[in-house]
2 protein chains.
Amino acid sequence: MAEPNAVGWVDAPPTTSSRRQRVRAATEEEIRCTARRLLVAHGPEGMTLRAIARDMGMTAPALYRYVDSHADLLVLVTVDVYDELRAAMEAARDALPDDDPAGRLLAVSRAFRGWALQHPPEFGLVFTQPIVSLLKPTESELEGAAQRFGLVFGELFAAVLARYRSPLPAVAELDPAYVAQLEAVDADKVAGMPVGARYLFVTAWVRLYGCVCMEVFGHLGWAVQDSAPVFEDALRDIAARMGIAKQYRPPGA
Amino acid sequence: MAEPNAVGWVDAPPTTSSRRQRVRAATEEEIRCTARRLLVAHGPEGMTLRAIARDMGMTAPALYRYVDSHADLLVLVTVDVYDELRAAMEAARDALPDDDPAGRLLAVSRAFRGWALQHPPEFGLVFTQPIVSLLKPTESELEGAAQRFGLVFGELFAAVLARYRSPLPAVAELDPAYVAQLEAVDADKVAGMPVGARYLFVTAWVRLYGCVCMEVFGHLGWAVQDSAPVFEDALRDIAARMGIAKQYRPPGA
DNA sequence: CACCGACGCGAACGTCGTTCACTGACGGGA
DNA sequence: TCCCGTCAGTGAACGACGTTCGCGTCGGTG
């Protein structure tokens, strides 16, 4: 996003990008933003190529200069949503001091839940893809976005375990087949955690995800009307498993 | 499903239903079955009114004699899927003796997971509805199906807790707001369990659901290729929380 | 200046959900 | 027996969708 300088011009970008490339990039972004806006306004089925084009003062076929197909556009938007969710979580994290990883982990978890509850359509789009095993080139971008998102949790998780010297579960207690797979995970995907920590991380993430998923999709309505206590209970239990039960604080700081 | 008898006739049904009503009911069921088949064959977007009608040798507008709208049809199919899933779980339950509720609970849980992994489109249809808060009359039927489904778990859960006199969490330890809501749940929705048991039930169900959801949607691929150990670990932990850690048995019986 | 490639448009195809007027058959009452 | 009302089913149509194609029309390049 080049900002106009004092004279009102826009600084010339590095010569690597011509003017053509710049306006093209701008249009690409406008497409993604418009799609994103339609998603939040009218749900996933409102995100049609024709509606996006209409909103931009264009016609639908023109969008095919920028997007391979409608499915392709969904991937683009999914990546954007991933990044926005991650930004919200990072903001919650950075609002707390660096030397309080436990508090930060709680804040990030609550930010994840809060964002999901405030953006059900986007959450559904990102976390409920049926079988999108498309070999498309954009898929790697999606995986990248998912990994960046997961790392916000992962790094904090690792920081907490290290800071409080949390007792890790004995590897011998776990299913060897499970351990073998956890050992095979790329270290950069899991912030260099030892196997016991990776196990704790997967367990915790599954719990958070399951909890938020049920809340967003209204599958807890039969039991509770306000599902916040269910989430907080899961959070406290995760803290206990990480050996930082004392560091748990209720949402009100 | 009336079966032809030895003479080849079909026994006359109770006179309460006229011939017209019978063929209508048959058509209704054919519609649901065809929709169901298209769902498993071509995914949710293959479940088109026109495709269903085509498959039945009819035209799409004719379906409107039986269904209010396409959304209505989705609800009908969802109810069917709920019932089929429940049947699979009940079959797994009844394969074990009545006096082994712990074994039955494990079997039912695994049946739930197995069915979900074998039927991803149906699972997605049932457990991932965005905001279907339609006040339609069919909604009550959906809630009924969901409740019948949940009761398979709930009754077994209650049976296990009673059988093994499981220690329930102290109500004083829980968030009062949480407890109050759990107390307000209809007793028939929760098999008459005390509040501590209801809490355990919600916790366990959220874990199972989260685990299966992530497996079905492929959100565990970054960590493990075979996610069975993740599920079994959750199962074992649930058993431990129920005070029946000793009753846990790995899948191979 | 002339060229060429990128961009956007309009028209079109086939699909979808949905509505409408119409037809035909079936069944109960005279 | 006939007869009429109810209801299943049809074909045409509307608007919207994703997608393809051919045509103009610019802007940057030689």
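- Per the geometry, CG belonging to B:L38 stands 15 Å off C1' belonging to C:dT15, to the nearest Å.
- Closest approach of B:F201 and B:G150 over heavy atoms only: CZ-O, 4.1 Å.
- Counting to the nearest Å, the P atom of C:dT19 and the CG atom of B:L49 are 11 Å from each other.
- Taking all atoms of both residues into account, the shortest heavy-atom contact from B:V152 to B:R93 is CG1-NH1, 4.5 Å.
- Toward the 5′ end of DNA chain D lies the nearest nucleotide of A:P61, the other residue of the pair A:R65 and A:P61 mapping further downstream.
- Ion pairing of B:R32 with B:D80 is present here, as a side-chain N (NZ or NE/NH1/NH2) and a carboxylate O approach within less than 4.0 Å.
- Note: CG (B:D55) to C1' (C:dC16) measures 16 Å, nearest angstrom.
- The distance between atom CE of B:M58 and atom C1' of C:dT23, rounded to the nearest whole Å, is 15 Å.
- The nearest whole Å value for the distance from the NE2 atom in B:H70 to the P atom in C:dT18 is 8 Å.
- Distances shown here put a side-chain N or O of A:R24 below 4.0 Å from the OP1 or OP2 atom of C:dC7.
- The distance from atom CD of A:E28 to atom P of C:dC7 is 9 Å, rounded to the nearest whole Å.
- Here the closest non-hydrogen pair linking B:A60 and B:R50 is CB-CG, 3.7 Å.
- Counting any heavy atom pair closer than 4.0 Å across all strands shown, B:Y66 reaches sugar-phosphate atoms only and no base atom.
- Residue A:G46 is classed as having no contact, given no heavy-atom separation below 4.0 Å to the nucleic acid.
- Summarising the geometry, the separation between CD1 on A:I31 and C1' on C:dG8 is reported as 12 Å, rounded to the nearest angstrom.
- Both B:R50 and A:A51 sit near DNA chain D, but only B:R50 has its closest nucleotide nearer the 5' end.
- Note: CZ (A:R22) to C1' (C:dC7) measures 17 Å, nearest angstrom.
- The CH2 atom of A:W205 lies 11.5 Å from the CZ atom of A:F157; values are rounded to the nearest 0.5 Å.
- For B:R86 and B:F149, the positive end is not near the middle of the six-membered ring at less than 6.0 Å and at most 45° from its axis.
- Residues B:A53 and B:T59 come closest through the heavy atom pair CB-C, 3.4 Å.
- Of all nucleotides in DNA chain D having an atom under 4.0 Å from a heavy atom of chain A, the first and last in 5' to 3' order are D:dC17 to D:dG28.
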